[in-house]
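Residue numbering restarts at 1 for every chain, and letters A, B, ... go by the order of the sequence lines.
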Amino acid sequence: MDLKFEGVTFNATYNASLTEDDFVKAGQENGTFAGETQEAKLRQAHQAIKAAVAPAAEVKAAPLKIK
Amino acid sequence: MGRPKYLLFTRGKVFAAADLVDSATFKAALLAAFLLSRTDDNKVFCFPLMRVADDNTADAKTETLADGYEEVLNESLAAYTLQSTCGVCQHQGMVLFNGWTDPVYVVDDKNILWYVSTATDGAQGWSVGNLYTTPPRFGNSSNIVTSKTKIVFGTVDEFKSGVGAIKIDFDPTKLANTVDVPLSEAAAATGYAFKIKGKQLCAGTDIYASYKTLLDQTGAWKATTAAGLAVVISSAAHDDATSSWIVTLASSPTIAATTKIKIELVDPTALAALTSPVLGIESVAVTVAKP
């Protein structure tokens, strides 16, 4: 499953298996999102990846209101 | 049977009876076989239009006794020399088939495709005994320069019974086909990120403009170590500055520096099955070294 973030298409399945810090470290070594905002963008990308691969059960439904 | 006009080579493609019901159905089956990977047994390769066909089939070998009694000792294999006026690159492509001994389908000048019938009324190619195309060369002031392809069929028995034919109303060389795209490194790699570009083999046209966003899919790429282990593609992105794609490999498990890695596009069938289908190209892998 691919996730496109800021022009880079990530393999969401693989990258979701990395911790955020490992993902950021790899991105810095590989020059993904070069520039001053690199780390911030990498962290945002990883959060988007985690959200994309989250199983449906983890998506919390709004609590029912019982009157 | 007319003179051979198109030769369609395959390692093992057999058309089912259902593929042969009419020209349109056969065309679809042939197109599907054209679009397979070059390593697929069912791939069909089409040689260019053959403008001239000379029949080189020898007379049967006979022996005559002193009293005039004569016997045919050996039948001769059908043999032809075919001439084409294709370009140098396509000519070189034909030379690569020299020594081919897998089957061939033949389309004659009446646009009839001839094949050997299978037990289930399908079609298989003719056995090839030998195939040889002369390499490209310069012309002269007297003759049109042509490629010369010598084909010797594998057995006369296939011509004696069970021959099948279908009239086709299309030109096999005009069917959509895949173009070979050799890949190369556009710039030095960084970490696990490799900058890969591709140019069409014969035309030399850079494919970047046409496939820029399509090849941003991680599923379009494939990486393999020298030991044959697949490496996960972590991300893919196009890079306008170098007209290439930045293909980033998974850093877990770690790949040691100087390790050779083969990077290529997945085969044409897999490219066509992507979320955004990639059509018309087949890559020639590039081997890169992990920095």
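- Figure legend: cation-pi geometry between A:Lys25 and A:Phe23 absent, as NZ or CZ is not positioned both under 6.0 Å from the six-membered ring centre and within 45° of its axis.
- Between the side chain of B:Thr133 and the backbone N or O of B:Val95, no donor-acceptor pair lies under 3.5 Å.
- Taking the six-membered ring where tryptophan is involved, the planes of A:Phe33 and A:Phe5 are perpendicular, since the angle between them exceeds 60° and thus also 30°.
- Using a 4.5 Å cut-off between heavy atoms, B:Thr248 touches chain A through its side chain atoms alone.
- Per-residue counts of heavy-atom pairs under 4.5 Å with chain A were compared for B:Ala189, B:Gly219, B:Ser251, B:Ala250; the largest is that of B:Ala250.
- Within the 4.5 angstrom heavy-atom criterion, only side-chain atoms of A:Tyr14, from C-beta onward, approach chain B.
- Ring pair B:Phe15/B:Tyr105 is perpendicular by interplanar angle, where above 60° counts as perpendicular and below 30° as parallel.
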